[in-house]
Colleague: 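Here's a structure for you.
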Amino acid sequence: MKEMKFETKVIHVGGEPDPTTGAIMPPIYQTSTYVQSSPGEHKGYEYTRSHNPTRTRLEECLASIEGANHCLVTASGLSASSLIMHMLPKGSKILCGDDVYGGTYRLFSKVFPDIHHYKFVDTTNLKNLENEISDFKPALIWLETPTNPLLKISDIKAISDLAKKVQALVVVDNTFMSPYFQNPLHHGADMVLHSMTKFINGHSDVVGGAIMMNSQELRDKLFFYQNAIGPCQSPFDSWLVLRGLKTLAVRMKAHEKNALEIASYLENHPKVEKVVYPGLKSHPQHDLAKKQMKGFGGMITFFLKGGLSESRLFLENVKLFALAESLGGVESLVDHPAIMTHASIPKEVRESLGIFDNLIRLSVGIEDVGDLKNDLEHALAKVN
Ligand code: P1T
């Protein structure tokens, strides 16, 4: 049979009817342990921290849609990032993109510096990055593309080629695009990381993470640390993600359609200074986005004319866009990164990157786009 398309895989891979009952939906194996017939003789499952059949089904589906041989599902996006750090030999050098999720920055700048060495650089500037790679000689390059919150785009293929010259691993945090719009392994990355909390689950009711890779060796090392440290996802949460995943393709198309319309609306609004969205021609890496991604996603960043008080007026007056951390749910969310999701980045670092108090981040949901525009229009009208 020909390889299934994405829309079919999300529904069928890992979704075989239950062999004992024929139930069309996968059972939630809500169990911590499994009976053995003799010590060490079991059906492949010993203890749910190590393996769980509901989680195995989710891992199969995620590996297949990211085009990977293997997937490990973890308790959160950040626990997935931590596992990758634990797997590296002590004293490893990590070259990380300068604009990353605030929690990733906190993990790399506050938790792991006793163990590894980190350098944050602009990975969108290839010439500069090439010099950094040959000077610093990293063991691993960490890319978030598009970045959170500035939506900067790094060239995965070109960077993976540079990394190979110094035998560095490349990890891509693909949370913003989801496997529907971008598959970093196809461009030469070694590992893909997702916060499943976002688009993959899509319903703002689960926290989870995933790492996909082709190498059996990397998978086995990461699995060792996952089992030894313990950040596993509960069977019920894995089941919820399997359920959310079924509509990933339709949701991503709807997010993008709405986001494209809202980005152009904001770009023409007199109270808006600048809009950043990969699907706009004005995005500095629009051509790279078209080449490397299959779509532009549902995240928009924009700068209001003014400062914190204008931002507060806007944020206090939106009604459909809920002011909340996180992103990627069916409902629209709005975030003020400087005070909320990226507050753990020191102000001077944040501002050197361009994350100012007038920066607003939208996670455009799949509601009616007219209603969403009305909501923005109403809140923008309140801004003096
Ligand atoms: O929240 P958690 O599932 O642990 O995922 C962390 C994470 C990793 N990578 C990216 C790109 C992310 O955006 C996140 C989490 N981000 C938010 C909570 C946020 O509002 O930006």
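Atoms within each ligand, like the ligands themselves, are counted from 1 in listed order. No experiment lies behind these values; they were computed from the predicted model shown.
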Colleague: Between E267 and Y277, do the side chains contain an N or O donor and an N or O acceptor separated by less than 3.5 Å?
Modeller: no
Colleague: Can you pull every nitrogen or oxygen pair between ligand 1 and the protein closer than 3.5 angstrom?
Modeller:
| from | atom 1 | to | atom 2 | distance (Å) |
| --- | --- | --- | --- | --- |
| ligand 1 | 3 (O) | G77 | N | 2.9 |
| ligand 1 | 3 (O) | S195 | OG | 2.8 |
| ligand 1 | 3 (O) | T197 | OG1 | 2.6 |
| ligand 1 | 4 (O) | G77 | N | 3.1 |
| ligand 1 | 4 (O) | L78 | N | 2.9 |
| ligand 1 | 5 (O) | S195 | OG | 3.0 |
| ligand 1 | 9 (N) | D173 | OD2 | 2.6 |
| ligand 1 | 13 (O) | N148 | ND2 | 3.0 |
| ligand 1 | 20 (O) | S326 | N | 2.7 |
| ligand 1 | 20 (O) | R361 | NH2 | 2.9 |
| ligand 1 | 21 (O) | N148 | ND2 | 2.9 |
| ligand 1 | 21 (O) | R361 | NH1 | 2.8 |
| ligand 1 | 21 (O) | R361 | NH2 | 3.4 |

Colleague: State whether F108 and R106 meet the cation-pi test: NZ (Lys) or CZ (Arg) under 6.0 Å from the six-membered ring centroid, and within 45° of the perpendicular axis.
Modeller: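 Checked: cation-pi criterion not met.
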Colleague: H116 vs F112 aromatic rings, parallel, tilted or perpendicular, using cut-offs 30° and 60°?
Modeller: parallel
Colleague: When the aromatic ring centroids of H51 and Y34 are compared, is their separation below 6.0 Å?
Modeller: no
Colleague: Answer yes or no on whether K93 is positioned over the face of F136, meaning its NZ or CZ is under 6.0 Å from the six-membered ring centre and within 45° of the axis.
Modeller: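 K93 over F136 ring: yes.
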Colleague: Are the side chains of I355 and P149 in contact, using a 4.5 Å heavy-atom criterion?
Modeller: yes
